[in-house]
Amino acid sequence: MPRRVFSPFLWGLFAVALLGVFRPCEDAVAGARAFTIDDMLRVAMFDELCIASDGSRLAFTVTRAEGGDLRSRIYVGDAAKGVAHVVTPEDAQCEKPRFSPDGARLAYLVQGDEDTDLMLTRPDAGHAKRLLHGRFDIADMAFSRDGKALFLSMAAQAKTANSRLDGCDAEVEVLDTFEGNTGLYLLPLTGHAAPRLVVGDREVGGFAVSPDGRRVAYETMPPDTPPRGRRGAAVPGGAVGRDAAQSDIALVDVATGKSVLLAASDDSETTPCFSPDGATVAYVATQAPGFYYSAARVMLVPAAGGAPHALAQTPNARPELLGFSASGDAVYVREASGTGAVILSLPVNGGPPRPVSDTPHVVSQATLAASGKALAFVLTDSDLPPEVYVSPVGRFAPRAVSEVNKAFRDFRLARTEVVRWRAPDGVEIEGLYTHPVEPGEGPPPLLVELHGGPAVAADRQYLGALNYYPLAVFGERGYALFQPNVRGSDGYGAQFRKASLGDWGGKDFADLQSGLDALIARKLADPERLGVMGWSYGGYLTAWAIGHTDRFKAASVGAGITNLVSQSGSMDLPDFIPLYFGGEAYERFDALFDHSPLKYAAAIKTPTLFQHGVADERVPFTQSLELYTALSRLGVTTRLAAYPRSGHDVTEPALIRDLMTRNLDWFTRFVPSGQAAAGKLAGDAPLPARNPSGS
């Protein structure tokens, strides 16, 4: 595909205007506390919501930065009283809370450095019993319907085949030769019986237990699927693309262990869920190929077998299935919607979706009680610290259950608004614009944060939340922020997600450029003080941007793809680049390199900071190293910060603090705000002043 080069000069030829504002947050509170990087490290994060069958109790994990770790504890809350308290030890790393059918007991995992403990507790009594201990990986678990056993999808920690050759002492990891798979087990909760294998001949993913407890519907992959997937059958002109992790839905009889396929097509079928009477299984089917960006919809299939049929398409065509209503006449889903996320109801008769979550805020997570009568969810917004809420399904009336972030109600944040503009081809694009906390005279300096994915979105998450980029602190330092949802983003439907296929650096870059021009035209950004940053695909688009425009005075590339050719065969998602670009690297070499930032390294003059985990398997560390080396040899001002013990996600608080501090330092050096003096990081050699050529 021909390379597209966009000059900032050309954008003056287009009539680009902001089209409106969605819901501005409240103005920053005068006299309130100002955010620091250490404050951002203290904001708690929520995960793994679980609600008792009758909706009376909730359990969830709360993760905070503590010392050298991100520590997760489990809280249990009373839906009526609106009070949650921690039920696991302070020094334990806990996850996956699951209620028994009567809500009286809670199962959860404690993760050690090498071993895992499966625990059972009565939250009211405070005593926990260890059910299992060892080196295994429990992917999911659920109580049996009578509460006397636990179903576990579990894999013993696999040993690498051929790790030691005869006559050799060295242990060597041989890729793609892992023995064993994740099976389904049933663990009795009385006596000392070992887990009984229910499904062992197929890979087991997410699963659901039938109301009568006799069957389990589960995600599975074909048994003969190679470790890195396979391409489809040959067709004229090449081979059909195929999702490496394409999955089906199977049904197993718990007593006999006999499995039958219930939904097995070329699509990826996931997240099975039984209707209240057990007669129907709902699941999500994502069109193949292209699990990452294709349209998905909820399907229903008789549990006894038969032809599946589709429910109405949701607006974003990417529903997250929560479960059935109490009467079984509808299913509930959560999905992204522009810069937010909502809960919808889908009638089983095929009627159109109905909104359920009547709130202006973002429903960032959600779960449904097995009775279908109560919802638990996390609400947040740009200026709203996240907390857990519960509501009846029939009448949406959120009641707060947690208050772990109540201290941050006294902190000030700048006003955020949703902005829209027209791209050069007339398509409406949306993004988030955050004003400086204390605006100065004239247009403010602007920092752009580009989201990853590409099929995710910039949404209205709390600006003070833990982030590799200290957004709340940037606002305090006098910077405006811009987070555009360029072509390829989620939240705007399948066609919008597919708009970047084979076109990275094309329409997405045009959307970014036109959005900047629109903000500048409205005096919301100083064209002489612009910076850009992003992680993963956001790092890719950052690196691409600085190779195609000199409008940015500084850039930060986080775990970014810089060479699509080498990325294609070295990442842990072997189908990702081939699906986005229509072929393998050896088939699409020229097209992949045409769309690689590395090809345009000689055009880059922008001071560029690279940050990357050295153990990253999603975007290997060498992706940053390739472009960093090129810029260094070209004389461009650059730094590469390599984070030890880190993959694609950096999780150690000390390293996250370094990420944020280093970004703050970089942009205050090269994009002066007038409210923050440039400084040096401890241990860094002084950087040379930027000369007129930009190096």
Side-chain angles (χ1 to χ4, degrees), residues 48-60 75-84 96-108 122-124 140-151 206-217 271-284 298 300 303 311 319-334 343-349 353-358 363 365-378 388-402:
E48 299 176 320
L49 275 64
C50 175
I51 186 168
S53 179
D54 62 1
S56 62
R57 310 180 91 179
L58 290 83
F60 47 88
Y75 282 63
V76 171
D78 186 296
K81 297 178 181 178
V83 176
K96 291 185 172 61
R98 301 290 188 269
F99 278 114
S100 59
D102 61 3
R105 293 169 296 163
L106 187 77
Y108 62 94
R122 290 184 178 272
D124 295 334
D140 199 4
M141 58 186 183
F143 277 87
S144 61
R145 293 302 182 183
D146 59 9
K148 297 180 180 180
L150 274 170
F151 286 98
F207 65 89
V209 183
S210 66
D212 62 9
R214 298 177 180 177
R215 298 160 296 168
V216 175
T271 57
C273 174
F274 280 95
S275 61
D277 61 6
T280 303
V281 173
Y283 61 93
V284 175
V298 177
L300 300 181
L311 299 188
E320 172 191 329
L321 182 59
L322 303 179
F324 278 86
S325 64
S327 62
D329 63 351
V331 298
Y332 296 99
V333 301
R334 172 195 169 273
I343 298 174
L344 303 170
S345 170
L346 290 175
V348 299
N349 64 8
R354 296 187 301 101
V356 172
S357 52
D358 182 17
V363 182
Q365 298 177 57
T367 189
L368 179 70
S371 64
K373 296 180 179 180
L375 286 161
F377 43 90
V378 174
V388 175
Y389 295 77
V390 65
S391 172
V393 170
R395 181 179 60 87
F396 195 73
R399 174 194 291 269
V401 177
S402 72

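The first residue of the sequence shown is numbered 1, and numbering continues consecutively from there.
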Any non-hydrogen side-chain atom of [X] less than 4.5 Å from a side-chain atom of [Y]?
X    : Y    : result
S53  : F99  : no
P101 : R145 : no
F151 : S144 : yes

query: Between L368 and V393, is a side chain to side chain contact (heavy atoms under 4.5 Å, CB included) present by the stated rule, with each step listed?
result: CA-CA 9 Å; L368 179 70; V393 170; 3.8 Å; yes
- request: For E320, enumerate each residue passing the side-chain contact (heavy atoms from CB on, under 4.5 Å) test, keeping only those at least two apart in sequence or located in another chain.
  value: L322, R334
side-chain contact (heavy atoms from CB on, under 4.5 Å) partners of A107, counting only residues at least two apart: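 For A107 the side-chain contact (heavy atoms from CB on, under 4.5 Å) partners, ignoring immediate neighbours, are L120, M141, F143, L150.
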If every non-hydrogen atom of [X] is compared with every non-hydrogen atom of [Y], which pair is closest and at what distance?
X    : Y    : answer
A79  : L58  : CB-CD1, 4.0 Å
P319 : V284 : O-CG2, 3.8 Å
G278 : A303 : O-CB, 3.5 Å
A208 : F274 : O-CE1, 3.4 Å
A397 : P392 : O-CD, 4.2 Å
P276 : S325 : CG-O, 3.5 Å

For the [atom1] atom of [X] and the [atom2] atom of [Y], what is their distance to the nearest 0.5 Å?
X    : Y    : atom1 : atom2 : answer
I51  : L375 : CD1   : CG    : 7.0 Å
Y332 : L344 : OH    : CG    : 11.5 Å
S327 : K373 : OG    : NZ    : 10.5 Å
L49  : Y389 : CG    : OH    : 12.5 Å
L106 : R98  : CG    : CZ    : 9.5 Å
S345 : R354 : OG    : CZ    : 4.0 Å

- prompt: Which pairs with one or both residues in residues 391-402 pass side chain to side chain donor-acceptor pair (under 3.5 Å), sequence neighbours excluded?
  reply: E387-S402
F324 and V348: CA distance, side-chain angles, deciding distance, side chain to side chain contact (heavy atoms under 4.5 Å, CB included) verdict: CA-CA 9 Å; F324 278 86; V348 299; 4.1 Å; yes
Residues R215, V281; criterion side chain to side chain contact (heavy atoms under 4.5 Å, CB included); working and verdict: CA-CA 11 Å; R215 298 160 296 168; V281 173; over 6 Å; no
- prompt: Do other residues, nucleotides or ligands put more than 12 heavy atoms under 6.0 Å from the CG atom of D212?
  reply: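 Counting neighbours around CG of D212, more than 12 heavy atoms of other residues, nucleotides or ligands fall under 6.0 Å, so yes.
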Pair V331-L346, side chain to side chain contact (heavy atoms under 4.5 Å, CB included): steps then yes or no: CA-CA 5 Å; V331 298; L346 290 175; 3.8 Å; yes
